[in-house]
Amino acid sequence: MTFGGICKDAFYFLEKEINIIKIALIAHDKKKEEIIELAKKYKDVLVEYELYATGTTGTLIMRETALPIHRMKSGPLGGDQQIGAMLANGELGLIIFLCDPLTAQSHEPDVSALLRLCDLQKIPLATNAGSATIMLESLKNGNFSTKV
(Lines give C-alpha, C1' and ligand atoms only; values in the text may rest on other atoms or scores of the structure.)
Protein backbone atom coordinates (compact mmCIF):
# COMPACT_ATOMS: atom_id res chain seq x y z
CA MET A 1 0.00 0.00 0.00
CA THR A 2 1.26 3.51 -0.74
CA PHE A 3 0.53 6.94 0.69
CA GLY A 4 1.26 9.71 -1.83
CA GLY A 5 3.86 7.51 -3.52
CA ILE A 6 5.46 6.42 -0.23
CA CYS A 7 5.38 2.72 0.57
CA LYS A 8 3.62 1.90 3.85
CA ASP A 9 6.80 0.22 5.17
CA ALA A 10 8.86 3.31 4.30
CA PHE A 11 6.29 5.49 6.07
CA TYR A 12 6.57 3.30 9.18
CA PHE A 13 10.37 3.51 9.01
CA LEU A 14 10.23 7.30 8.55
CA GLU A 15 7.91 7.61 11.56
CA LYS A 16 10.37 5.64 13.68
CA GLU A 17 13.33 7.63 12.35
CA ILE A 18 11.91 11.03 13.27
CA ASN A 19 10.79 9.62 16.64
CA ILE A 20 7.19 10.81 16.76
CA ILE A 21 6.09 10.50 20.37
CA LYS A 22 2.64 9.05 20.85
CA ILE A 23 0.97 10.19 24.06
CA ALA A 24 -1.83 8.45 25.97
CA LEU A 25 -4.23 10.55 28.07
CA ILE A 26 -6.26 8.77 30.74
CA ALA A 27 -8.13 10.03 33.80
CA HIS A 28 -10.34 8.51 36.45
CA ASP A 29 -13.79 10.11 36.76
CA LYS A 30 -12.88 12.51 39.57
CA LYS A 31 -9.78 13.65 37.63
CA LYS A 32 -11.42 14.35 34.26
CA GLU A 33 -11.67 18.10 34.87
CA GLU A 34 -7.95 18.22 35.73
CA ILE A 35 -6.92 16.46 32.52
CA ILE A 36 -9.20 18.73 30.48
CA GLU A 37 -7.59 21.80 32.06
CA LEU A 38 -4.11 20.41 31.30
CA ALA A 39 -5.11 19.69 27.70
CA LYS A 40 -6.48 23.22 27.30
CA LYS A 41 -3.38 24.80 28.83
CA TYR A 42 -0.99 22.70 26.70
CA LYS A 43 -3.10 22.44 23.55
CA ASP A 44 -0.35 24.08 21.47
CA VAL A 45 2.07 21.39 22.68
CA LEU A 46 -0.25 18.38 22.43
CA VAL A 47 -1.36 19.20 18.89
CA GLU A 48 2.18 18.36 17.73
CA TYR A 49 1.88 14.73 18.88
CA GLU A 50 -0.27 11.73 18.10
CA LEU A 51 -2.74 11.42 20.96
CA TYR A 52 -4.59 8.39 22.30
CA ALA A 53 -7.09 8.28 25.14
CA THR A 54 -9.59 6.04 26.81
CA GLY A 55 -13.14 6.64 25.58
CA THR A 56 -14.76 9.14 27.92
CA THR A 57 -11.55 11.04 28.63
CA GLY A 58 -10.85 11.36 24.91
CA THR A 59 -14.38 12.53 24.14
CA LEU A 60 -14.29 15.20 26.85
CA ILE A 61 -10.85 16.51 25.82
CA MET A 62 -11.86 16.59 22.15
CA ARG A 63 -15.05 18.50 22.99
CA GLU A 64 -13.15 21.13 24.99
CA THR A 65 -10.03 21.48 22.82
CA ALA A 66 -10.81 20.12 19.33
CA LEU A 67 -7.54 18.16 19.56
CA PRO A 68 -7.48 15.07 17.31
CA ILE A 69 -7.43 12.00 19.56
CA HIS A 70 -7.59 8.30 18.79
CA ARG A 71 -10.17 7.04 21.27
CA MET A 72 -10.09 3.58 22.77
CA LYS A 73 -12.89 1.98 24.77
CA SER A 74 -13.77 3.33 28.18
CA GLY A 75 -11.20 2.26 30.79
CA PRO A 76 -13.42 -0.24 32.65
CA LEU A 77 -14.60 -1.70 29.32
CA GLY A 78 -11.11 -2.53 28.10
CA GLY A 79 -9.63 0.85 27.20
CA ASP A 80 -6.86 0.54 29.78
CA GLN A 81 -5.97 -2.84 28.28
CA GLN A 82 -5.95 -1.38 24.75
CA ILE A 83 -3.53 1.33 25.90
CA GLY A 84 -1.53 -1.39 27.70
CA ALA A 85 -1.24 -3.40 24.48
CA MET A 86 0.13 -0.34 22.67
CA LEU A 87 2.55 0.18 25.53
CA ALA A 88 3.70 -3.46 25.45
CA ASN A 89 4.30 -3.16 21.69
CA GLY A 90 6.49 -0.08 22.14
CA GLU A 91 3.99 2.24 20.47
CA LEU A 92 3.73 4.89 23.20
CA GLY A 93 6.32 7.34 24.48
CA LEU A 94 4.47 9.07 27.31
CA ILE A 95 1.45 8.30 29.49
CA ILE A 96 -0.53 10.88 31.42
CA PHE A 97 -2.86 8.90 33.66
CA LEU A 98 -4.46 11.09 36.33
CA CYS A 99 -5.44 8.58 38.99
CA ASP A 100 -7.90 9.04 41.81
CA PRO A 101 -6.15 7.48 44.82
CA LEU A 102 -9.16 7.88 47.10
CA THR A 103 -11.75 5.96 45.08
CA ALA A 104 -11.74 2.20 44.51
CA GLN A 105 -11.79 1.33 40.81
CA SER A 106 -13.68 -1.69 39.46
CA HIS A 107 -10.89 -2.21 36.93
CA GLU A 108 -8.02 -1.82 39.41
CA PRO A 109 -6.13 -4.89 38.07
CA ASP A 110 -6.07 -3.26 34.61
CA VAL A 111 -4.80 0.00 36.10
CA SER A 112 -2.07 -1.82 38.02
CA ALA A 113 -1.04 -3.73 34.89
CA LEU A 114 -0.78 -0.49 32.92
CA LEU A 115 1.39 1.13 35.59
CA ARG A 116 3.59 -1.98 35.74
CA LEU A 117 4.02 -1.94 31.94
CA CYS A 118 5.22 1.67 32.10
CA ASP A 119 7.92 0.56 34.53
CA LEU A 120 8.88 -2.47 32.44
CA GLN A 121 9.03 -0.47 29.21
CA LYS A 122 10.70 2.54 30.91
CA ILE A 123 7.96 4.83 29.61
CA PRO A 124 7.45 8.12 31.47
CA LEU A 125 4.21 8.12 33.44
CA ALA A 126 2.48 11.05 35.12
CA THR A 127 -0.18 10.05 37.64
CA ASN A 128 -0.99 13.54 38.91
CA ALA A 129 -1.29 17.05 37.50
CA GLY A 130 2.05 18.13 38.99
CA SER A 131 4.10 15.46 37.23
CA ALA A 132 2.05 15.88 34.04
CA THR A 133 2.84 19.61 34.05
CA ILE A 134 6.57 18.90 34.35
CA MET A 135 6.42 16.49 31.40
CA LEU A 136 4.33 18.82 29.25
CA GLU A 137 6.65 21.75 30.02
CA SER A 138 9.57 19.52 29.01
CA LEU A 139 7.85 18.76 25.69
CA LYS A 140 7.09 22.44 25.21
CA ASN A 141 10.73 23.43 25.79
CA GLY A 142 12.12 20.64 23.63
CA ASN A 143 13.87 18.95 26.59
CA PHE A 144 11.83 15.74 26.62
CA SER A 145 13.57 12.49 25.82
CA THR A 146 12.49 8.91 26.32
CA LYS A 147 16.03 7.64 25.89
CA VAL A 148 17.44 6.09 29.07
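Nothing here was measured: the structure is a model prediction, and the numbers come from that model. Heads up: numbering here begins at 1 and tracks the sequence.
For residues 41-68, the set of pairs meeting the ring-ring contact (aromatic ring centres under 6.0 Å, His included) definition, not counting sequence neighbours, comprises Tyr52-His70.
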Checking side chain to side chain contact (heavy atoms under 4.5 Å, CB included) for the pair Leu125/Leu115: CA distance, chi angles, key distance, verdict? CA-CA 8 Å; Leu125 167 69; Leu115 301 179; 3.4 Å; yes
When you look at Leu46 and Ile61, which way does the side chain to side chain contact (heavy atoms under 4.5 Å, CB included) test go after all the steps? CA-CA 11 Å; Leu46 292 170; Ile61 293 171; over 6 Å; no
Candidate pair Leu136 and Leu139, rule side chain to side chain contact (heavy atoms under 4.5 Å, CB included), full reasoning: CA-CA 5 Å; Leu136 291 167; Leu139 284 171; 4.1 Å; yes
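Distance check, rounded to the nearest 0.5 Å: OG1 of Thr65 to CG of Asp44 gives 11.5 Å. For the atom pair CD1 (Ile96) and OG1 (Thr57), the distance works out to 12.0 Å, reported to the nearest 0.5 Å. Separation of atoms CD1 (Ile35) and NE2 (His28) is listed at 11.0 Å; rounding is to 0.5 Å. Taking CD1 of Ile134 as the start and CG of Asn143 as the end, the distance is 12.5 Å to the nearest 0.5 Å. In this structure, the separation between CG on Asp80 and CG on Leu87 is 11.5 Å, given to the nearest 0.5 Å. Note that the CG atom of Leu92 and the CE atom of Met86 stand 4.5 Å from one another [nearest 0.5 Å].
Within 6.0 Å of atom NZ in Lys32, more than 12 heavy atoms from other residues, nucleotides or ligands are found, so the atom counts as buried in its surroundings.
Under the 4.5 Å side-chain contact rule for hydrophobic residues, Ile21 and Val47 share a cluster.
Of all heavy-atom pairs spanning Pro124 and Gly93, the tightest one is CD-O, 3.4 Å. For the residue pair Glu34 and Ala129, the shortest heavy atom distance occurs at OE1-CB, 3.4 Å. Closest heavy-atom contact between Gly75 and Thr54: N-CB, 4.0 Å. Of all heavy-atom pairs between Leu51 and Pro68, the closest is CB-O, 3.8 Å.
At least one donor-acceptor pair closer than 3.5 Å links the side chain of Asn128 to the backbone N or O of Gly130. Within the 3.5 Å criterion, the main-chain N or O of Leu67 finds no donor-acceptor partner in the side chain of Lys43. Lys30 contributes no side-chain N or O that, together with a main-chain N or O of Asp100, makes up a donor-acceptor pair within less than 3.5 Å. Within the 3.5 Å criterion, the main-chain N or O of Lys73 finds a donor-acceptor partner in the side chain of Gln82.
By the salt bridge (charged side-chain N to carboxylate O under 4.0 Å, His left out) test, Glu48 is found to be paired with no residue, residues two or more places apart in sequence or in another chain being considered. Annotation: side chain to side chain contact (heavy atoms under 4.5 Å, CB included) contacts of Asp119 (sequence neighbours excluded): none.
Proximity of Leu98 to Leu38: side-chain heavy atoms (C-beta onward) are separated by under 4.5 Å at one or more points. Residues Thr59 and Arg63 have side chains in contact (heavy-atom distance under 4.5 Å, counting atoms from C-beta outward).
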